Amino acid sequence: AASGAPTPPRARGRRRPQLRPARSRAMLLAGYCWSADMGEKTGISWTDATFNPWWGCTKVSPACDHCYAEVAAARFGTAWGRAAPRRTFGDKHWYAPRRWNARAARDGATFRVFCASMADVFDVDAPEGARDRLWALIRETPALTWLLLTKRIGNASRMLPVDWGDGYPNVQLGITA
């Protein structure tokens, strides 16, 4: 290369992903290890990937006082709180779990996805239509185990999809304090 830096290695004609470590403890806890497919690599030991349908949340309890996600979002200029707009993502971002699902199905492997490490699925200020899009994505990816953690379990009954019944077989719903 003209700058004197070595040319990155090639894999099947494509550039290999550049992996960089998380830059702070907050980013590590938020699941950042920066890959070509954001969220596919994570520093969170109990999951294989993170997927965020949106970024943003509102503090609802004293447990939110030291929120890692709020700190990480601030580094990217994402506002936080009740009236703050949520950061949303395009189709390429929403397609990543489908790739993970295909790989998990092909390999016969369990692939755990921590959903909404930078948000809460049951946040009343979720972007219009994003939660419905998430439920559809979860139904389309049966080879993934979706880990949904919430501090807003009181909102769940009115925000779960109509076909939820006793739950989806590929979802583990957890409550944090």
Side-chain angles (χ1 to χ4, degrees), residues 27 29-44 46-61 63-64 67-70 72-73 76 78-106 109-177:
M27 292 176 77
L29 290 171
Y32 287 97
C33 277
W34 296 94
S35 73
D37 191 2
M38 181 61 81
E40 186 175 6
K41 304 291 181 187
T42 181
I44 302 172
W46 44 267
T47 192
D48 299 305
T50 59
F51 177 78
N52 286 286
W54 62 86
W55 275 17
C57 204
T58 302
K59 293 183 177 188
V60 295
S61 79
C64 300
C67 178
Y68 69 83
E70 181 180 21
F76 292 95
T78 300
W80 212 258
R82 179 81 176 133
R86 304 304 187 234
R87 179 179 175 192
T88 57
F89 303 96
D91 291 341
K92 182 178 178 184
H93 175 82
W94 282 83
Y95 190 75
R98 291 176 180 90
R99 283 194 306 274
W100 306 337
N101 184 72
R103 186 175 25 196
R106 179 192 69 223
T110 300
F111 196 87
R112 297 163 302 176
V113 179
F114 175 22
C115 183
S117 66
M118 297 291 290
D120 191 304
V121 172
F122 302 112
D123 182 3
V124 297
D125 294 317
E128 182 79 27
R131 201 174 1 257
D132 290 335
R133 188 176 186 187
L134 175 63
W135 301 133
L137 178 64
I138 289 171
R139 283 189 299 269
E140 291 172 30
T141 54
L144 302 180
T145 299
W146 290 84
L147 310 171
L148 306 180
L149 299 178
T150 184
K151 286 184 175 59
R152 296 165 177 80
I153 197 62
N155 294 346
S157 63
R158 69 179 188 275
M159 295 180 181
L160 287 167
V162 295
D163 65 345
W164 181 258
D166 290 329
Y168 293 165
N170 63 331
V171 173
Q172 295 179 0
L173 182 58
I175 305 164
T176 61

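As the structure is a computational prediction, the values presented were derived from the model and not from experiment. Below, each value reflects all heavy atoms present in this structure, side chains not excepted, and no hydrogens, waters or symmetry copies.
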Note: R86-D125 ion pair, threshold 4.0 Å (strictly below): yes

Output the distance between atom [atom1] ([X]) and atom [atom2] ([Y]), rounded to the nearest 0.5 Å.
X: L147; Y: F51; atom1: CG; atom2: CZ; value: 14.0 Å
X: T88; Y: N52; atom1: OG1; atom2: CG; value: 12.5 Å
X: L160; Y: N155; atom1: CG; atom2: CG; value: 10.0 Å
X: W94; Y: E140; atom1: CH2; atom2: CD; value: 10.5 Å
X: C115; Y: L173; atom1: SG; atom2: CG; value: 11.0 Å
X: T78; Y: W54; atom1: OG1; atom2: CH2; value: 14.5 Å

Closest contact, heavy atoms only, [X] versus [Y]:
X: K59; Y: R152; answer: N-NH2, 4.4 Å
X: A72; Y: M118; answer: CB-CE, 3.9 Å
X: A143; Y: A104; answer: O-CB, 3.8 Å

For the residue pair [X] and [Y], establish whether any side-chain heavy-atom pair is separated by less than 4.5 Å.
X: V121; Y: T150; value: no
X: T58; Y: V124; value: no
X: P142; Y: P169; value: no

Do you know which of I44, D48, L144 makes side-chain contact (heavy atoms from CB on, under 4.5 Å) with R112? D48

Looking only at the aromatic ring of each residue, does the gap between the centers of W55 and F76 stay below 6.0 angstrom? yes

Donor-acceptor contact below 3.5 Å, side chain D120 vs main chain C57: no

Does atom CZ of R82 have more than 12 heavy-atom neighbours from other groups under 6.0 Å away? no

Begin with the C-alpha distance, continue with both residues' side-chain angles, and end with the deciding distance and a verdict on side chain to side chain contact (heavy atoms under 4.5 Å, CB included) for R139 and D163. CA-CA 10 Å; R139 283 189 299 269; D163 65 345; 3.2 Å; yes

Parallel, tilted or perpendicular: which one describes the rings of F122 and W135, with boundaries at 30° and 60°? tilted

Taking the inter-plane angle between the rings of W46 and F114 on a 0 to 90° scale, is it parallel (under 30°), tilted (30 to 60°) or perpendicular (over 60°)? tilted

